[in-house]
Amino acid sequence: MNSSIKKEYDAVIVGAGFSGLYQLYCLRNHLKLNCLVLEKGEGVGGTWYWNRYPGARCDTESHAYTYFFSDEIFKEWEWSERYPGHAEIRKYLNFVSEKFDLKKDISFKSEVIKTTYQENEKKWNIETSINKTISAKFLITAVGCISTANIPNIQGLNKFRGSYFHTGNWPKNDVNFNGKIVGQIGTGSTGIQAVPVIAESAKQLTVFQRTPNYSVPARNKPLTAEFKTYVKENYKKLRKTVRTTPNGHAFIISETLVHDVDEIERLKRYEKAWEKGGLQFRGTFKDIISNQDANKTASEFIKHKIRTIVKNKEYAKILTNFDHPYAGKRPPIDSNYFETYNRDNVHLVDIRSDPIKYIDEYGICTEKNYFNLDMIVFATGYDAMTGSLIKLNVTGENGLKLEDYWKEGPKTYLGIQIPGFPNMFTITGPGSPSVLTNMPTAIEQHVEWVTDCIKYMIDNNYETICTTNKKSDEWGKKVNEAANKTLLPTVKHSWYLGANIPGKPQVFMPYAGGLPVYKEICDKVKESNYKGFILS
Ligand code: NAP
């Protein structure tokens, strides 16, 4: 559709993942605005367009990782497994796009390279990789929180003669590991999913671990006909649950505190949660994520499980050498991750005690060893939450560059708007619950708020909306207060703080107060006719 792109739109939306698609639907179908979605990929999917690495699967259960805004979609679509795989999520988003005829307003292979606010015209100029400059009254970023891949700057990588990949930019054609000697750097949620699958076909797999990770079994399985019926019959109940639980998932966090029960009962509950599997393990007790002593009981339980599973004592020691509390970093779930270290073709290197020195033509050299490799997999994470926004090269009022404005960390009001950047809305931006929740739930709340806000502007003949530095400072304090009620900011090397990217300012970015509290705050702002924003 590139040839039919117009010069001017009411709204340009950047990104065709869960958020961009729903935002297009709301603005075009409800408000009848003239909209265009600009998407770098060749298809819909957002993060799932790029994440095709072995084992890539969502950690949220499929009956919650879904849109809830449309009864029709919910009734017609059927997930096949407890956790949806990457290909099935793309299939789902294609189904939604076709259902609402969304693709006709999406320009694929169109990367946004520059966006500039034109103060006189009160419009955004958006420059794209397809040599088109488009102008729009509203600019809505739907770029995802974990979309800008981070390949660490390791000396000599450019000399490597084998092939290397980042999991977040995985080739569309299957990568064949058969008979290959593979090295994988990174053991976050992604790395933990990739290891067992790569190990099945590679001749040898060496995992380079910097920080161990507490992982709980996912216990993925095909969904039974009975469960599928349950989901359809309980659609409204599920919708209510995801919208009223702090993390937007379809499970309820226990009200019981760790020390409300004795040790026997505590272990019984952990055991039951371990057997059930999934992210809900962290909801076994209410205070696991807020109280250090309570957290220790969960951490110790998982450590014990790892030591029981992993037969090689040296590997078990490396895999349990934690210096952070369970769920202090985003907790992964897995399918046979720890079991994979019992395979003869899998090796583990602790790069804390034996750091990587350089990469050369043939492999990775650590301080104490050398590893010949045919392939390197970088499961090394993202410049999260801010990276993809800064990459849009945004200039707001008075020539203010977003990159400069955020030099000391992101400043937003509600994670939705940035002072000095009128009529620009950031779906699941920094300062909103986003990555601490089930993303589609957070996305629906944001998209609906933005749609209502734009409708209010149209109905009341307002041309621009912008927030103030005062409001973003106040909100920044609230984000910190909410984080400080949890153990999350105590983990100094977490991507929630930006600590994984050298030179990135370290500020706790997501709002940790929970979705219902956050929604209430946003709703009050809306009911007050957007107090905290300047409408003109
Ligand atoms: P990540 O959590 O940031 O993990 C990156 C891994 O690479 C860590 O083990 C990190 O070690 C390591 N690493 C980074 N730089 C390194 C360096 N210079 N040298 C050695 N090791 C290095 O990234 P991710 O696993 O891609 O996950 C990011 C987020 O995406 C997750 O937290 C989750 O929110 C989301 N995600 C979701 C799903 C899902 O739902 N299915 C799946 C995957 C990811 P350190 O810990 O020491 O920094």
Side-chain angles (χ1 to χ4, degrees), residues 18 46-48 50-62 64-65 81-86 88-89 144-155 157 165-170 183-195 207-215 218 220 247 249 278-279 318-319 321-324 327-335 337 348-352 354-359 364 366 376-385 387-388 428 434-440 442 488 491-502 504 509-510:
F18 267 91
T47 192
W48 298 107
W50 305 100
N51 276 272
R52 299 164 189 243
Y53 60 86
R57 182 180 293 286
C58 184
D59 288 345
T60 300
E61 295 188 51
S62 53
Y65 199 75
E81 292 176 273
R82 181 173 175 190
Y83 304 93
H86 64 97
E88 193 171 21
I89 300 173
C145 296
I146 23 195
S147 307
T148 300
N150 164 49
I151 293 193
N153 188 10
I154 302 175
Q155 188 199 325
L157 176 61
F165 311 93
H166 188 283
T167 48
N169 274 323
W170 202 259
Q184 178 181 308
I185 305 176
T187 52
S189 304
T190 300
I192 278 176
Q193 288 186 333
V195 161
V207 181
F208 296 85
Q209 174 199 282
R210 188 163 66 182
T211 304
N213 226 323
Y214 297 93
S215 186
N220 187 36
N247 52 29
H249 286 275
L279 288 174
I318 299 170
L319 290 164
N321 188 17
F322 294 106
D323 63 356
H324 68 279
K329 299 178 97 168
R330 155 66 152 79
I333 58 173
D334 71 90
S335 298
Y337 175 63
L348 178 63
V349 179
D350 176 15
I351 53 171
R352 265 205 197 142
D354 183 16
I356 294 176
K357 268 173 69 186
Y358 61 82
I359 295 176
I364 293 182
T366 61
I376 304 175
V377 172
F378 286 94
T380 43
Y382 298 86
D383 182 354
M385 305 205 73
S388 300
T428 63
S434 58
V435 293
L436 298 178
T437 69
N438 172 27
M439 288 305 290
L488 303 181
V491 184
K492 295 300 171 213
H493 46 88
S494 134
W495 64 256
Y496 292 151
L497 278 162
N500 61 326
I501 302 294
K504 186 166 172 170
M509 295 182 283

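The residues of the chain are indexed from 1 along the displayed sequence. In each ligand, atom 1 is the first atom listed, and ligand 1 is the first ligand listed. Here the structure is a predicted model, which means the values were calculated and not measured.
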Practice prompt. Measure the distance from atom 31 (C) of ligand 1 to every protein heavy atom, then report the residue, atom name and distance (to 0.1 Å) of the closest one.
Written response: Ser189 OG, 3.6 Å

Worksheet item: Less than 6.0 Å separating the ring centroids of Tyr214 and His324?
Response: yes

Practice prompt. Flag the pair Asn51 / His86 as yes when at least one side-chain heavy-atom distance between them is below 4.5 Å, and no otherwise.
Written response: no

Worksheet item: Considering only the protein, which heavy-atom contact is closest to atom 34 (O) of ligand 1, and what is its distance?
Response: Arg330 NE, 3.3 Å

Practice prompt. Below 4.0 angstrom from a heavy atom of Thr187, which ligand 1 atoms are there? Numbered from 1 as shown, please.
Written response: 6 (C), 8 (C), 9 (O)

Discussion item. Within the structure, is a non-hydrogen atom of Gln209 found at a distance of less than 4.0 Å from ligand 1?
Written reply: no

Item to complete: Please determine which of Leu348, Asp350, Ile364 meets the side chain to side chain contact (heavy atoms under 4.5 Å, CB included) test together with Phe208.
Response: Ile364

Worksheet item: Is there a side-chain contact between Val435 and Trp495, using heavy atoms and a 4.5 Å cut-off?
Response: yes

Worksheet item: Considering all heavy atoms of both residues, which atom of Asn500 and which atom of Tyr382 are nearest to each other, and what is their separation?
Response: ND2-O, 2.8 Å

Worksheet entry | Matching residue for Arg330 among Leu436, Asn213, Asp59 - test: side chain to side chain contact (heavy atoms under 4.5 Å, CB included) | Asp59

Discussion item. Need the ligand 1 atom indices (1-based, order shown) with element for anything under 4.0 Å from a heavy-atom of Gly186.
Written reply: 6 (C), 7 (O), 9 (O), 12 (C)

Worksheet entry | Residue portion contacting ligand 1 (non-hydrogen atoms closer than 4.0 Å) for Ile351 | side chain

Worksheet item: Where does Pro332 meet ligand 1, judged by heavy-atom distances below 4.0 Å: at the side chain, the backbone, both, or neither?
Response: neither

Worksheet item: Which ligand 1 atoms, with their elements, are less than 4.0 angstrom from a heavy-atom of Ile146?
Response: 29 (C), 30 (O), 34 (O), 35 (C)

Response to the item:
Separation between CE (Met509) and OG (Ser494), nearest 0.5 Å, reads 8.0 Å

Worksheet item: If you measure from OG1 on Thr211 to NZ on Lys329, what distance do you get to the nearest 0.5 Å?
Response: 4.0 Å

Discussion item. Need the ligand 1 atom indices (1-based, order shown) with element for anything under 4.0 Å from a heavy-atom of Cys58.
Written reply: 39 (C), 40 (O), 41 (N)

Worksheet item: To the nearest 0.5 Å, how far apart are SG in Cys145 and CG in Asp383?
Response: 12.0 Å

Fill in: Shortest protein contact, atom 46 (O) of ligand 1 (heavy atom only)
Lys329 NZ, 2.6 Å

Discussion item. Would Ile185 count as a contact residue for ligand 1, given that I'm defining contact as a non-hydrogen atom of the residue lying under 4.0 Å from a ligand atom?
Written reply: yes

Practice prompt. Please work out whether any backbone atom (N, CA, C, O) or any side-chain heavy atom from C-beta onward of Tyr382 is under 4.0 Å from ligand 1, and answer side chain, backbone, both or neither.
Written response: side chain

Worksheet item: Once you round to the nearest 0.5 Å, how far does CG of Leu157 lie from CD1 of Ile359?
Response: 4.5 Å

Practice prompt. For the residue pair Met439 and Thr60, establish whether any side-chain heavy-atom pair is separated by less than 4.5 Å.
Written response: no

Worksheet item: Arg57 heavy atoms, cut-off 4.0 Å: which ligand 1 atoms fall inside?
Response: 39 (C), 41 (N)

Worksheet item: At what distance is the nearest protein heavy atom to atom 40 (O) of ligand 1, and which residue and atom is it?
Response: Asp59 N, 2.9 Å

Worksheet item: How far is atom 23 (O) of ligand 1 from its nearest protein heavy atom, and which residue and atom is that?
Response: Gly381 CA, 3.1 Å

Discussion item. For atom 4 (O) of ligand 1, what's the nearest protein heavy-atom neighbour? Residue, atom name and distance, please.
Written reply: Gly188 CA, 3.6 Å

Item to complete: Answer with yes or no whether Tyr53 contacts ligand 1, where contact means a heavy atom under 4.0 Å from a ligand atom.
Response: yes

Worksheet item: Are Arg352 and Asp323 close enough that some pair of their side-chain heavy atoms sits under 4.5 Å apart?
Response: yes

Worksheet, complete the sentence: the protein heavy atom lying closest to atom 3 (O) of ligand 1 turns out to be Trp495 CD1, 3.4 Å

Practice prompt. Compare every heavy atom of Asn438 with every heavy atom of Ala64, then report the nearest pair and how far apart it is.
Written response: O-ND2, 2.9 Å

Worksheet entry | Protein contact to atom 17 (C) of ligand 1 [nearest heavy atom, distance to 0.1 Å] | Arg210 NH1, 3.4 Å

Item to complete: Just go through Ala379, Pro331, Gly85 and tell me whose heavy atom is the nearest to atom 6 (C) of ligand 1.
Response: Ala379

Worksheet item: For ligand 1, which atoms sit closer than 4.0 Å to a heavy atom of Thr190?
Response: 24 (P), 25 (O), 26 (O), 27 (O), 43 (C), 44 (C)

Discussion item. Quick check on contacts: which atoms of ligand 1 are under 4.0 angstrom from a heavy atom of Thr211?
Written reply: 45 (P), 46 (O), 47 (O)

